[in-house]
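Structure, as structure tokens:
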Amino acid sequence: MPPHCFMPLCNAALSLCGSTVLKSVMALADLVFPRKLKPLTYRIPAHMGRLRPGAIVLAELGKTVLNALVLDVFEKANGAASGLKLKEITGLAETKAALSPALVKLVKWASGYYMAEEGLVLKAMFGGGLFEKRRPRKKTVPGPVQMAPETVGIEEPALADGIAGNGYKTFLLKAPDTAFERAFAIRASKGQKGVVLLCPEITMIPAIEPLARNTFGDRLRVLHSGISQAARSRIFSEIADGVVDAVLGTRIAVFAPFERVSMIAVTCEENINYKNMEWLKYHARDVAVMRGYLEGARVLLSSICPSAESWANAARGKYQLIEPPPARKEFRLKTVRFRQADGKSEGCVAGTVRDALSKKVSSGGRALVIGSHTGHSVPLCEDCGHISRCSNCGLPLIFHKSGGGNLRCGCCGLQQSARSGCARCRGVNIKLLGAGTERLEEELKACWPVRPEDDKDGQEETKQAFVIGARPAVRSKKTGSKTPEEKFDIVVIVNPEGPLFKPEFRARERAFQDMCYLSEKIAPGGSFLWQTAQPGLLGNLKRLDYREFMDAELQERNSIGLPPFWRTALISFKSAPKGKFPDMPDVLFLGPVQRLGKKGAKSFSVIVRAKDAKSLKKAVAGYLELIGFKPGREKPVVDIDPL
DNA sequence: AGCACGCCGACT
DNA sequence: GTCGGCGTGCTC
């Protein structure tokens with residue numbers, strides 16, 4: 001890059017403006033590289049002229065030249081000795097993309113809020129290349145532009161027009177059903193430019209994409225982690241060219257580099273997939289609200305079962321609640337008490353449940369049975385009471401008949417071969433606990449044709465009369481609502497109270513959400529059966545009344561000092577942190593506790609609770625300073641608002 | 001990304 | 001006591 005060709009122009013500028021002023025100051029820029037780095041200061045070469053924050057430039061980091069974001073531009077007196085020899089910016093990056101002032105502010109906010117380096121924020125936003133064009137593909141297949149079939153019979157909720165307007169405002173839609181929710185989000189963003197539509201997971205995109213195509217046509221782009229870096233870069237430059245009105249995608253789409261955003265819709269806002277677990281532990285819903293604020297945009301959070309956080313924000317007037325009349329419960333919910341009798345020959349399905357299933361299916365109905373886990377069951381020795389447990393996680397191992405019969409851990413995936421008798425006392429009186437999918441299938445197969453839920457969805461097979469599925473172990477990968485359109489005349493859930501006792505404060509909320517989404521699968525006039533050993537433990541869950549449940553839940557969280565009232569942070573260490581916790585008002589330190597992560601990796605974690613986000617940050621920073629993490633021991637990982 | 005530096009295991 | 005693995009930090 002020969003800079004001499006700019007020299008005449010530069011000299012002319014110097015003589016015009018008066019050299020004394022220009023010579024005494026140095027133009028500087030704070031640059032952020034998409035790495036785990038804080039901003040670094042570089043000199044702006046004179047020939048570059050005015051550089052704006054948000055621009056993407058090339059600069060040398062160590063010995064490699066990388067794309068970097070201009071975070072700040074400032075001047076400094078030439079004489080002021082900083083001791084540091086500053087490098088010069090190499091030049092402008094090839095990309096047309098740049099960050100708007102609001103997006104630059106968002107980088108700074110996220111870095112501060114999540115207590116992470118600005119570079120990590122950037123990496124989470126746009127990847128390690130930062131708009132860098134990777135090898136351009138030979139063929140760029142645009143993909144078939146699929147439009148919604150003209151028979152999409154959902155009347156657009158006219159209520160959505162109430163969202164129209166200028167300036168920042170966040171709405172919370174408590175939707176009567178998922179179809180309504182989607183149609184509402186599309187209707188609310190119709191005719192606008194700079195629209196961001198978020199889905200919690202890639203598999204849910206096809207359900208909205210046709211609707212979005214109908215509204216935005218070829219000015220819509222889809223953005224998620226499955227899109228290659230090259231394709232993403234192309235989309236970013238199309239956004240810079242102004243040919244894109246709307247971006248539909250997963251959590252990364254919340255950072256779509258529009259010059260101006262007017263509307264952000266977060267569908268299924270309670271879904272935990274919005275929380276990013278790598279690099280920067282951001283929550284796309286919370287980022288969406290902050291971006292909306294910084295952009296002066298409308299934000300629509302929606303769900304058939306809103307998170308406690310959002311419901312509380314609506315309750316205190318931070319969000320405006322939109323609550324259309326709830327869909328009439330067109331199904332009967334019944335709890336069936338069933339306790340496995342002693343003796344191994346007993347089944348795991350209650351007679352009344354079996355009868356109900358039989359009746360529905362034989363009269364042409366469809367049935368869905370949700371077991372407590374995949375695999376068969378948990379073997380218990382009735383002689384000595386022994387249960388095989390995972391050496392990593394301590395959880396009971398689940399017996400799988402498929403694959404030759406082995407024991408597997410549902411948490412870390414550990415496998416070991418199963419013995420015929422008790423591993424401890426060699427006893428042969430083995431009782432099988434629990435109702436896994438294999439066991440349910442085995443027990444119900446005799447009566448009806450069964451299709452495991454994860455079968456390939458051949459068009460003919462989708463209408464199978466009988467489906468067996470597992471409750472998602474952790475609601476991360478599968479949300480269970482893979483085919484939300486699919487309806488059943490009878491839905492049975494075995495052991496619905498199980499997840500209530502997981503050691504996390506959101507367990508009740510999660511269980512309630514699961515039941516909400518499951519109830520969406522019931523056809524009008526159908527029935528919902530909960531087979532439980534302890535009906536009393538279900539409490540108000542079994543009324544499936546959102547307001548009743550959530551108001552009670554919030555009251556309890558408030559009284560204990562849990563989110564969304566108090567805020568939490570999780571600090572993870574590789575080795576046990578030493579030292580005491582600092583003494584601070586309105587702050588609670590818990591731990592350190594040893595955690596067993598994936599495949600036996602040990603870590604130690606400390607939980608910090610504080611009355612608000614500000615004091616939480618202060619507490620975490622104070623603690624990290626107290627234990628002296630700065631010189632260069634292993635740096636702990638901080639997760640603000642952990643799940 | 002690359003390179004420097006440092007701590008712990010193996011060896012002249 | 002030294003060499004050198006790679007694990008962790010720094011790069012303006």
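Both backbone and side-chain heavy atoms feed into the values below; hydrogens, waters and symmetry mates do not. Letters A, B, ... mirror the listed sequences (proteins, then strands); counts begin at 1.
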A:W279 ring centre to A:K123 NZ or CZ under 6.0 Å, with the angle to the axis within 45°?
yes
In whole angstrom, give the distance that lies between atom [atom1] of [X] and atom [atom2] of [N].
{"X": "A:K38", "N": "C:dG9", "atom1": "NZ", "atom2": "P", "answer": "15 Å"}
{"X": "A:D72", "N": "C:dC12", "atom1": "CG", "atom2": "P", "answer": "19 Å"}
{"X": "A:K63", "N": "B:dA4", "atom1": "NZ", "atom2": "P", "answer": "6 Å"}
{"X": "A:K87", "N": "C:dC12", "atom1": "NZ", "atom2": "C1'", "answer": "8 Å"}
{"X": "A:L130", "N": "B:dA1", "atom1": "CG", "atom2": "C1'", "answer": "14 Å"}
{"X": "A:F33", "N": "C:dC12", "atom1": "CZ", "atom2": "C1'", "answer": "8 Å"}
{"X": "A:L66", "N": "B:dG2", "atom1": "CG", "atom2": "P", "answer": "9 Å"}
{"X": "A:L120", "N": "C:dG9", "atom1": "CG", "atom2": "C1'", "answer": "13 Å"}

Reported CG-to-OH distance for the pair A:L280 and A:Y113, which is rounded to 0.5 angstrom:
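OH of A:Y113 is found 11.5 Å from CG of A:L280.
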Let's see if you can work this out: which of C:dC12, B:dA1, B:dC3 has an atom nearest to the side-chain heavy atoms of A:R35?
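That would be B:dA1.
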Side-chain H-bond candidate by donor/acceptor type, A:N67 with A:E132, under 3.5 Å:
no
Considering only NZ, NE, NH1 and NH2 on the basic side and carboxylate oxygens on the acidic side, decide whether A:R510 and A:E504 come within less than 4.0 Å.
yes
